[in-house]
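Counting from 1, the numbers follow the sequence of the chain as shown.
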Amino acid sequence: MRTSRELDELREQAVALRRVGKSVDQIKQILGPIGNRTLHDALRGEPPPEWTRRPNAKDDLRARARELRLHGLDYEEIVAQLGVSKSSVSLWVRDLPRPQRIVPEECAMRISERMRRYWAAAVPGYRRHPALGSGLPAADPRNS
């Protein structure tokens with residue numbers, strides 16, 4: 001067990017080594033046998049050297065997700081555009097303000113457009129009947 005004076009000296013040495021850019025492993029080699037917890041306690045509050053930091057694999061996607069959220073897109077729209085999981089999007093943008101809700105008229109217009117695209121793809125020859133305003137299959141020219 002080390003005395004408080006020895007721990008203070010150890011902290012001073014460890015902090016000095018950290019400030020010149022040494023990693024935890026390098027500090028352990030220089031100071032000799034020292035436990036992980038003792039060293040981490042001694043280095044508490046000292047930032048790691050920049051060269052030891054690794055970039056995250058999806059930094060570019062995270063930045064794009066935050067940008068899209070600031071433009072008012074919801075989670076599902078961001079997921080669809082970026083091809084990442086909803087949980088990732090949630091972690092990346094949860095600190096940003098929620099987009100404003102759309103007005104009911106805009107919501108109805110979006111639903112109508114989605115339904116039109118769905119039926120156009122599902123039923124070949126589908127078109128709106130001009131007189132009724134409802135969706136009916138186009139007339140078969142063979143039956144005329």
Subject >> Verdict with reasoning, R5 to D8, per salt bridge (Lys or Arg N to Asp or Glu O under 4.0 Å) >> reply: CA-CA 5 Å; R5 185 166 189 255; D8 288 341; over 6 Å; no

**OP:** Locate the shortest heavy-atom distance separating L82 from L61; write the atom from each residue and the value.
**Re:** CD1-O, 3.7 Å

Original post:
Given D41 and R44, is the side chain to side chain contact (heavy atoms under 4.5 Å, CB included) satisfied, shown in steps?
Top reply: CA-CA 5 Å; D41 286 345; R44 186 171 289 130; 2.8 Å; yes

Subject >> Pair I111-R116, side chain to side chain contact (heavy atoms under 4.5 Å, CB included): steps then yes or no >> reply: CA-CA 9 Å; I111 291 172; R116 186 196 63 72; over 6 Å; no

Subject >> Any side-chain heavy-atom pair of L39 and L10 under 4.5 Å >> reply: no

Original post:
Under a 4.5 Å cut-off applied to non-hydrogen side-chain atoms, are E76 and V89 in contact?
Top reply: no

Subject >> side chain to side chain contact (heavy atoms under 4.5 Å, CB included) assessment of L7 paired with T38 >> reply: CA-CA 8 Å; L7 288 174; T38 304; 4.0 Å; yes

**OP:** Report the distance from atom CG of L43 to atom CD1 of I27, rounding to the nearest 0.5 Å.
**Re:** 5.0 Å

Original post:
Can you tell me how far the CH2 atom of W92 sits from the CZ atom of R69, to the nearest 0.5 Å?
Top reply: 14.0 Å

**OP:** Kindly compute the distance separating NE2 (H40) from CD1 (I34), expressed to the nearest 0.5 Å.
**Re:** 9.5 Å

Original post:
Between S85 and S88, does any side-chain donor sit less than 3.5 Å from a side-chain acceptor?
Top reply: yes

Original post:
Between E6 and T3, is there a donor-acceptor pair closer than 3.5 Å when you use the side chain of the first and the backbone of the second?
Top reply: yes

**OP:** Measure the NZ-CD1 distance between K86 and I78 for me, rounded to the nearest 0.5 Å.
**Re:** 11.0 Å

Subject >> Pairwise distance CZ(R64) to CD(E67) - rounded to 0.5 angstrom >> reply: 4.5 Å

Original post:
Hey, which of K22, Q26, R19, R18 is the one that makes side-chain contact (heavy atoms from CB on, under 4.5 Å) with P49?
Top reply: R18

Subject >> Backbone of D74 reached by a side-chain donor or acceptor of E77 within 3.5 Å >> reply: yes

Original post:
Under the side chain to side chain contact (heavy atoms under 4.5 Å, CB included) criterion, do S87 and L91 qualify, and how do the steps go?
Top reply: CA-CA 6 Å; S87 61; L91 289 172; 5.6 Å; no

Subject >> Rounded distance [0.5 Å steps], CD1 in I30 versus CG in D25 >> reply: 11.0 Å

Subject >> Same apolar cluster: M109 and W119, side chain cutoff 4.5 Å >> reply: no

